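To start, the structure itself, in structure tokens.
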Amino acid sequence: GKGSGPPREKAFLGAALAHITETDDLHRASATHPGCVVIPTAYALSGETGARGKRFLEAVLAGYEAMLRVGESLGPGHYRTFHTTATAGVFGSAAAAAYLLELDEDAWVWAFGNAGTQAAGLWQFNAEAAMTKPLHPAHAAQAGLQASLLAREGVTGAEWILEGEKGVHAALCPDPQPERVTEDAQGWKLGETSMKPYPSCRHTHPVIDGALELRHRLHDSGIEVEAVEAFRIRSYGAALNLTDQPDPQTPHAARFSLQFCAAWALLHGPPDLSSFQEDRLDHPAVRRLLPRIRVEEDPELNQAYPTRWGGEIQAVDAQGSQWTVRRLVASGDPEDPLDDEALDRKVLGLLDHGGLEASRGRDLLDRLRDLPEDGPLPSLPHLGRVQD
């Protein structure tokens, strides 16, 4: 709830929990998950400042704008080593907090300076299927919030934290694009974000969508999935760097495996939270299918990235017949958004997964939908169970 624990601790825990199931939102151009950093920070601090729905949402908007602009400025080379949700996230958290704290211009600059010096988060955990990932948004939320609280007390921070000789761009970015921070925009960047329908790495989603369509096409042709001799997945380099995992051994690795996600979708339909539980990793039909799936890079999909996150999946039977599905837009992207019914279903499913009974989940969802009318921020319940 809003009243328990210091804001920094609440932001840390909220950000970690928002990221752990791989169900958060995604901004393609910056390759960040802004919601899991910005919203827990704004929620935690709103409980201390007494902000109601409208001001809370304005703080979220400010946090998204800062995080996504900074994230775009870090450049594609940064993402090969650094988890951008972590490194750009400190700026998003700082902005949301600075807005709620009503900092003056100098203090905003100090908050960004001291947030930026804490930018961190390396991808090495993914290569080893370690449990580090939720720590990244958790640290970003806490660090950005702390930076704004310190700025309120007059603690100065570097003014040139991004573009300075020893700033973020120089230290962490082989190909920074500093102009992305201040360039003109058609509207708020929050509207550029995608919502996930499946609880896996967003890089897997175009292929999951394709696999679901391919599943129907094979069925309509009278072909059993398990009878298909070979499958080929084509994707862009950034996706393969993180999700070409032919033999996942942990739930986290499965969520980051193009092969596992495609196999599950082909055999069982849309993956949900239960699809990545420990006891599903050795599902016999999935394990039989994995060795038949080949993954390769696609130059056209590379060229479209990061504006478009696309994917292709192809089935080839023993007679050489082929079925191919290519997706340039994933379900939940701004070009193919989830409707309110699908979003409500997702939220209620996550609350149920956390142990909240259906009636209380619906009540909480209704109160959240009142926030644009300046309704009060609801206290979050203590959930009955925590699942991976």
Side-chain angles (χ1 to χ4, degrees), residues 1-5 7 9-27 33-65 92-93 96-97 99-100 137 141 187-199 270-274 331-334 336-387:
K2 290 182 293 179
S4 59
E9 293 183 8
K10 289 190 289 183
F12 183 96
L13 180 59
L17 292 175
H19 196 54
I20 201 166
T21 56
E22 290 291 332
T23 49
D24 42 6
D25 60 357
L26 182 280
H27 182 254
H33 302 285
C36 64
V37 176
V38 172
I39 293 173
T41 299
Y43 181 83
L45 196 54
S46 291
E48 300 297 315
T49 63
R52 291 176 66 89
K54 185 177 179 182
R55 186 156 183 84
F56 163 76
L57 292 175
E58 289 171 347
V60 169
L61 189 63
Y64 268 63
E65 194 70 13
S93 174
Y99 184 85
L100 288 168
W188 294 101
K189 286 194 171 293
L190 186 148
E192 299 173 5
T193 56
S194 303
M195 303 296 290
K196 290 183 177 184
Y198 320 117
D272 58 21
L273 289 163
S274 68
S331 177
D333 278 343
D336 185 17
L338 303 182
D339 59 22
D340 283 352
E341 182 181 352
L343 288 172
D344 286 1
R345 189 165 57 247
K346 173 179 175 176
V347 170
L348 293 172
L350 284 167
L351 293 173
D352 176 71
H353 181 71
L356 192 66
E357 60 190 49
S359 61
R360 294 181 67 198
R362 173 55 67 178
D363 178 66
L364 177 58
L365 181 58
D366 290 342
R367 296 179 68 187
L368 291 172
R369 287 206 176 276
D370 286 339
L371 293 180
E373 307 303 321
D374 209 29
L377 265 68
S379 294
L380 296 180
H382 294 287
L383 300 180
R385 67 182 187 271
V386 176
Q387 298 180 352

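Just so it is clear, the model here is predicted, and its values are computed rather than measured. Heads up: numbering here begins at 1 and tracks the sequence.
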Nearest atoms (heavy-atom pairs only) where P378 meets L371: CD-CD2, 4.4 Å
By side chain to side chain donor-acceptor pair (under 3.5 Å) - contacts of T49 (at least two apart): none
Side-chain heavy-atom pair Y64, V37 within 4.5 angstrom cut-off: no
Heavy-atom pair of closest approach, residues D25 and G35: OD1-N, 2.9 Å
Atom pair CG/CZ of L364 and R362 - distance to nearest 0.5 Å: 10.5 Å
Audit row: D363, R367, side-chain contact (heavy atoms from CB on, under 4.5 Å) steps and yes/no: CA-CA 6 Å; D363 178 66; R367 296 179 68 187; 3.7 Å; yes
For D24 against C36, the heavy-atom pair lying closest together: OD2-SG, 3.4 Å
Distance, nearest 0.5 Å, that separates OG1 of T21 from CG of D272: 12.0 Å
Sequence-distant partners of E192, salt bridge (Lys or Arg N to Asp or Glu O under 4.0 Å), two or more places apart: K189
Nearest non-hydrogen partners of S194 and P334, listed with the distance: OG-CD, 3.4 Å
Value rounded to 0.5 Å, distance of CZ in F12 from CG in L17: 10.0 Å
Value rounded to 0.5 Å, distance of CG in D370 from CG in D366: 7.5 Å
R55 side chain vs Y99 backbone, donor-acceptor pair below 3.5 Å: yes
Rounded distance [0.5 Å steps], CG in L365 versus CG in L356: 11.0 Å
Which atom of T41 lies closest to which atom of S93, heavy atoms considered: OG1-OG, 3.0 Å
Side-chain (Y43) to main-chain (L380) donor-acceptor, under 3.5 angstrom: yes
Any side-chain heavy-atom pair of L273 and L350 under 4.5 Å: yes
Rounded distance (nearest 0.5 Å) linking atom CG of L343 with atom CZ of R345: 9.0 Å
Test item: K196 side-chain N/O and E22 main-chain N/O as donor-acceptor pair under 3.5 Å: yes
Flag, side chain of D339 to backbone of A342, donor-acceptor distance under 3.5 Å: yes
Nearest non-hydrogen partners of G53 and D374, listed with the distance: N-OD1, 3.5 Å
Residues forming a ring pair (Phe, Tyr, Trp, His ring centres under 6.0 Å) with H27, sequence neighbours excluded: none
